[in-house]
Structures are given as C-alpha cells and as structure tokens.
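Just so it is clear, the values below take in all heavy atoms, side chains as well, and ignore hydrogens, waters and symmetry mates. Quick caveat: nothing in here was measured; it's all calculated off a predicted structure.
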Amino acid sequence: MIAQYLVVGLIVLLAAGYAAGKYLPLSVRRKIVYKFSDGSGKGWLARWLDKDAGCGSGCDTCGTCAPAPMPEKDEKGRKIIQVHAKR
C-alpha cells in the first residue's frame with residue numbers, strides 16, 4: 001500500500017518537473033540550471049531543461065505562434081483588405 005503512494009508521488013513529481021522545464025520562462029530555467037550545475041551551465045540538467053526557448057514557452061521569438069501575415073496585394077496587383085466579421 002505504501003509503495004503505491006510512493007510510485008504515485010514519484011510520477012507526480014516527474015510530471016511537475018517536466019511541465020516546469022517546458023513552460024517556465026527562459027530566464028527562470030537558466031537560473032535553475034546555473035544554480036544546480038555549479039555555475040558551468042553544463043550537465044544533464046542543462047540538456048534536459050534546454051536553456052533555449054522552444055515551442056510552448058510563450059516567448060514568440062521564433063514566429064511560429066503567430067499566423068502567417070496576409071499579402072498586401074493579390075496576383076493581379078489589387079490591394080487586399082481584411083474584413084473581420086462580428087458574430
């Protein structure tokens with residue numbers, strides 16, 4: 001019975017660690033890496049947290065989160081005007 005609680009606790013701890021590594025801001029992840037890696041920024045923790053921002057981090061520096069911009073003119077040279085329908 002106690003083993004089940006330990007296994008569930010371990011799974012929850014690993015899930016929380018994964019979510020923190022995936023969704024924490026880059027600056028916080030860097031602080032965690034340098035705190036636990038003797039200041040070198042190398043090791044398994046640095047590789048696991050991947051100090052660079054990635055998809056899901058909310059930084060929007062790569063431009064993949066934003067939709068593609070509309071072209072200013074169509075193939076015939078006419079100006080395109082975007083209409084937002086309110087419903």
* How is the hydrophobic cluster of V12 composed, in terms of its other members, when Ile, Leu, Val, Met, Phe, Trp and Tyr link through side-chain heavy atoms under 4.5 Å apart, directly or indirectly? -> V8
* To do: Could you list who else is in I2's hydrophobic cluster, with ILVMFWY side chains joined at under 4.5 Å, directly or through other members?
  => none
Donor-acceptor pairs under 3.5 Å, side chain of residues 76-86 to any protein atom, not counting sequence neighbours: which ones?
| unit_1 | atom_1 | unit_2 | atom_2 | d |
| --- | --- | --- | --- | --- |
| R78 | NE | D74 | OD2 | 3.0 |
| R78 | NH2 | D74 | OD2 | 2.9 |

* Asked: Rounded to the nearest 0.5 Å, what separation is found between the CG atom of L10 and the CG atom of L14?
  -> 4.5 Å
* **Under 4.5 Å side-chain linkage, directly or through intermediates, the cluster mates of M1** => Y5
